[in-house]
Amino acid sequence: QVQLVESGGGLVQPGGSLRLSCAASGINLRRYTMAWFRQAPGKEREFVAVTSQRTGSNFVADSVKGRFTVSRDNAKSTVTLQMDNLQVEDTAIYYCAADERVIVSQMRSRSQYDYWGQGTQVTVSS
């Protein structure tokens, strides 16, 4: 049984930092593409970051480039999203997603991922 559990969300002021973690169980992390998505109120869920050891892919969305970094620790079965210089527009629920058979050209598409965590709230406000 695959389980993804996000943690690390919270309230932070603009310019601040947060570190989100996704603990994965029931899978061999080395074989899975792991991604972060986010969903703000009234908006569609959007791609944030992805890491895939199988394909060597590791990148973030243009909207967070230079501020967010994604990494993985296979030994701990954990994926981390380091978020720096947070802005009000980063406010959303952040979700961890996983799948073993993600098509490289479609890594940004949420339809590629079968497994999702419950999400963690990130609020950026002064």
Side-chain angles (χ1 to χ4, degrees):
Q1 180 181 357
V2 178
Q3 188 172 17
L4 304 175
V5 179
E6 303 96 335
S7 61
L11 173 64
V12 64
Q13 292 186 342
S17 297
L18 283 174
R19 187 178 182 91
L20 304 184
S21 292
C22 172
S25 60
I27 62 173
N28 182 344
L29 201 68
R30 289 180 176 84
R31 298 175 58 179
Y32 277 70
T33 296
M34 305 295 295
W36 287 95
F37 288 78
R38 67 186 182 185
Q39 188 165 18
K43 294 187 176 181
E44 291 190 354
R45 194 170 297 190
E46 65 174 4
F47 168 79
V48 177
V50 66
T51 173
S52 173
Q53 187 161 341
R54 179 175 64 87
T55 65
S57 301
N58 198 50
F59 58 88
V60 300
D62 288 344
S63 59
V64 303
K65 194 169 293 184
R67 301 187 297 120
F68 291 13
T69 304
V70 62
S71 61
R72 62 197 293 147
D73 185 332
N74 291 329
K76 295 182 178 179
S77 201
T78 300
V79 179
T80 299
L81 183 69
Q82 177 66 40
M83 305 187 297
D84 298 317
N85 191 21
L86 282 159
Q87 305 299 313
V88 173
E89 54 265 31
D90 295 317
T91 296
I93 299 175
Y94 284 70
Y95 297 91
C96 178
D99 205 281
E100 195 174 4
R101 297 180 178 86
V102 174
I103 299 172
V104 174
S105 62
Q106 300 181 32
M107 281 184 169
R108 294 175 176 86
S109 173
R110 59 183 185 266
S111 66
Q112 288 288 302
Y113 300 88
D114 280 344
Y115 303 107
W116 292 83
Q118 82 289 346
T120 185
Q121 176 70 48
V122 171
T123 302
V124 185
S125 175
S126 56

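The model shown is predicted, which means the values in this text are computed figures rather than measured ones.
Closest non-hydrogen pair, Ser21 versus Thr78, comes out as CB-CG2, 4.3 Å. Contact record, Ala92 with Ala40: CB-N, 3.8 Å, taken as the closest heavy-atom pair. Residues Asp90 and Arg67 approach most closely at OD2-NH1, 2.7 Å, considering heavy atoms. The two residues Ser17 and Asn85 have their closest heavy-atom pair at OG-N, 4.2 Å. Looking at every heavy atom in both residues, Gly9 comes nearest to Thr120 through N-OG1, 3.2 Å.
Taking hydrophobic clusters as Ile, Leu, Val, Met, Phe, Trp and Tyr residues chained together by side-chain heavy-atom distances below 4.5 Å, Val70 does not share a cluster with Tyr113. In terms of hydrophobic clustering, with Ile, Leu, Val, Met, Phe, Trp and Tyr side chains grouped at heavy-atom distances under 4.5 Å, Val48 and Tyr115 are assigned to a common cluster. When hydrophobic clusters are built by joining Ile, Leu, Val, Met, Phe, Trp and Tyr residues whose side-chain heavy atoms come closer than 4.5 Å, directly or via intermediates, Trp116 is not grouped with Val2. Neither Leu81 nor Met107 shares a network with the other; the hydrophobic side chains, linked directly or stepwise wherever heavy atoms of I, L, V, M, F, W or Y lie under 4.5 Å apart, form separate groups for each. Taking hydrophobic clusters as Ile, Leu, Val, Met, Phe, Trp and Tyr residues chained together by side-chain heavy-atom distances below 4.5 Å, Val12 shares a cluster with Tyr94.
Applying the salt bridge (charged side-chain N to carboxylate O under 4.0 Å, His left out) criterion to Glu89, with sequence neighbours excluded, gives no partner residue.
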Side-chain donor-acceptor pairs under 3.5 Å in residues 95-105, sequence neighbours left out?
from: Asp99; atom 1: OD1; to: Arg101; atom 2: N; distance (Å): 2.9
from: Asp99; atom 1: OD2; to: Asp114; atom 2: N; distance (Å): 2.9
from: Glu100; atom 1: OE2; to: Arg31; atom 2: NE; distance (Å): 2.9
from: Glu100; atom 1: OE2; to: Arg31; atom 2: NH2; distance (Å): 2.6

Evaluation steps, side-chain contact (heavy atoms from CB on, under 4.5 Å), between Glu6 and Gln118: CA-CA 7 Å; Glu6 303 96 335; Gln118 82 289 346; 2.9 Å; yes
side-chain contact (heavy atoms from CB on, under 4.5 Å) between Gln121 and Thr91: does it pass, once the steps are laid out? CA-CA 8 Å; Gln121 176 70 48; Thr91 296; 4.1 Å; yes
Show your reasoning for whether side-chain contact (heavy atoms from CB on, under 4.5 Å) applies to Gln87 and Val124. CA-CA 6 Å; Gln87 305 299 313; Val124 185; 5.6 Å; no
Tell me, with the steps shown, if Val64 and Arg38 meet side-chain contact (heavy atoms from CB on, under 4.5 Å). CA-CA 12 Å; Val64 303; Arg38 67 186 182 185; 3.9 Å; yes
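Between the CD atom of Gln106 and the CD atom of Gln112 there is a distance of 4.5 Å, given to the nearest 0.5 Å. Rounding to the nearest 0.5 Å gives a distance of 9.0 Å between CG of Leu4 and OG of Ser77. Distance check, rounded to the nearest 0.5 Å: CG of Asn58 to OG of Ser52 gives 9.0 Å. Note that CD1 of Ile93 is 9.0 Å distant from OG1 of Thr123, once rounded to the nearest 0.5 Å. In this structure, OG1 in Thr55 is found 10.0 Å from CD in Gln53, a value given to the nearest 0.5 Å. The line from CZ of Arg19 to CG of Asp84 is 9.5 Å long, rounded to the nearest 0.5 Å.
Taking the side chain as every heavy atom from C-beta outward, Val50 and Arg108 never approach each other to under 4.5 Å. The side-chain heavy atoms of Thr51 and Ser71, taken from C-beta on, include no pair separated by under 4.5 Å. Contact of the Leu29 side chain with the Arg72 side chain is registered, since non-hydrogen atoms from C-beta on lie closer than 4.5 Å.
Residues in residues 45-66 take part in these ring-ring contact (aromatic ring centres under 6.0 Å, His included) pairs, two or more places apart or across chains: Phe37-Phe47, Phe47-Phe59.
A donor-acceptor contact closer than 3.5 angstrom links the side chains of Ser111 and Ser109.
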